[in-house]
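Counting convention: from 1, in listed order, for ligands and their atoms alike.
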Amino acid sequence: MVAAPVAPGADVTAEIIRLVDVSRVYGSGDATVHAVDNVSLAVNEGDFLAVMGPSGSGKSTLMHILGCLDVPTSGEYRFAGEDVSRMNERELASIRNRRIGFVFQQFHLLSSMSAWRNVELPLLYRAARDRKQMALNALAQVGLTGRVQHRPNQLSGGQQQRVAIARALVTDPTMILADEPTGNLDSRASREVLEILTGLNKSGHTIVLITHDPNVAGVAERVVEMADGRLRDRVAA
Ligand code: ADP
Ligand code: MG
């Protein structure tokens, strides 16, 4: 990494995620499950982190906490400096809408809408005058300028996921959180999607990628592994 000149008093690296001893417990008594068990993690602006682990290891539970879809049972979660671990549902929704771009395995596009209408959707909650232009810019960033009027069923799986990435990008989020983004794609489309995520990271976006696939995790600069709710850094072989 090249050190950039820093103005006096400026943050050298902004911390986007800070988890301190975070646990998420389901159930009680004999049925208690420590789905996330005392996890501490820091992610800085511009990082590209992959979270790996087998089924049942706690990845989705951790993702829900990172994405402000759920709050920890105990421990502290700071997102871009704000303590989100004690926020109510309305406050969490505001963080999600303004600060986090989500990409899911199943794309979650609206089938009756064109690509650009889908990408505009997150902007409808804002007073955005230039929604269409912002949506078209985001679609250009994922190489879909020629497909903006197409509906999802007129696009390949890889193109649909690129629309979903454009929708995640269009609000200029603090972090992009991708949960198994290549899980429904063939190897070529997977490569394209990972190239786009890598390119977005190179242009400064913070990315957290959840996957069970070591080849997918391999594009990230840092890989952590979940096992039985615990997190550890993966040491390169
Ligand atoms: P992964 O995404 O890695 O497959 P999950 O986070 O979905 O793992 O699950 C972690 C553990 O927590 C599993 O043992 C799972 O059965 C349990 N679990 C997940 N969600 C719930 C829930 N809503 N209620 C009870 N147990 C749950
Ligand atoms: Mg899961």
Mind checking whether F104 and F102 have parallel, tilted or perpendicular rings, split at 30° and 60°?
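Rings of F104 and F102: parallel, as their planes differ by under 30°.
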
For N201, which of I176, I207, L49 qualifies under side-chain contact (heavy atoms from CB on, under 4.5 Å)?
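One option only clears the test, and that one is I207.
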
Identify the protein heavy atom lying closest to [atom], giving its residue, its atom name and the separation to 0.1 Å.
{"atom": "atom 26 (N) of ligand 1", "result": "Y26 CD1, 3.4 Å"}
{"atom": "atom 12 (O) of ligand 1", "result": "A35 CB, 3.3 Å"}
{"atom": "atom 7 (O) of ligand 1", "result": "S60 CB, 3.7 Å"}

May I ask you to decide whether [X] forms a salt bridge with [Y], counting only side-chain N to carboxylate O separations under 4.0 Å?
{"X": "E225", "Y": "R232", "value": "yes"}
{"X": "E195", "Y": "R191", "value": "no"}
{"X": "E15", "Y": "R78", "value": "no"}

Among all the protein's heavy atoms, is there at least one whose distance to atom 15 (C) of ligand 1 comes out below 4.0 Å?
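So far as the 4.0 Å threshold goes, atom 15 (C) of ligand 1 is out of reach of every protein heavy atom.
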
Among all the protein's heavy atoms, is there at least one whose distance to atom 1 (P) of ligand 1 comes out below 4.0 Å?
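So far as the 4.0 Å threshold goes, atom 1 (P) of ligand 1 is in reach of a protein heavy atom.
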
Yes or no: does G229 have any heavy atom under 4.0 Å from an atom of ligand 1?
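The answer is no, since G229 has no heavy atom less than 4.0 Å from ligand 1.
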
Does ligand 1 have any atom that is closer than 4.0 Å to a heavy atom of S55?
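Checking ligand 1 against S55, which is what was asked, there is a heavy-atom contact under 4.0 Å.
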
Answer yes or no: does an N/O atom from G56 fall short of 3.5 Å to an N/O atom of ligand 1?
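There is such a contact, yes.
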
So, regarding G58 and ligand 1 (criterion: nitrogen or oxygen to nitrogen or oxygen, under 3.5 Å), is there a contact or not?
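Yes - when backbone and side-chain N and O of G58 are compared with those of ligand 1, one distance drops under 3.5 Å.
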
D47 side chain vs N44 backbone, donor-acceptor pair below 3.5 Å
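Looks like yes, one N/O pair under 3.5 Å.
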
Residue T61, metal the Mg ion (ligand 2), N/O/S under 2.8 Å:
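Here the distance criterion (N, O or S atom, under 2.8 Å) is not met by T61, so no.
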
Within a 6.0 Å radius of atom CZ on R96, are there more than 12 heavy atoms belonging to other residues, nucleotides or ligands?
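Above 12, so yes.
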
Check the surroundings of atom CG in D213: do more than 12 heavy atoms from other residues, nucleotides or ligands lie under 6.0 Å from it?
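More than 12 heavy atoms, drawn from other residues, nucleotides or ligands, come within 6.0 Å of this atom.
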
For [X], the ligand 1 atoms whose distance to one of its heavy atoms is below 4.0 Å:
{"X": "S57", "result": "1 (P), 3 (O), 8 (O)"}
{"X": "V33", "result": "12 (O), 14 (O), 17 (C)"}
{"X": "P54", "result": "3 (O)"}

Indicate, as side chain, backbone, both or neither, the part of T61 found under 4.0 angstrom from ligand 1 when only non-hydrogen atoms are considered.
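Both parts.
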
In this structure, which one of H212, Q105, K59 forms a side chain to side chain donor-acceptor pair (under 3.5 Å) with E180?
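Filter result, single survivor: H212.
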
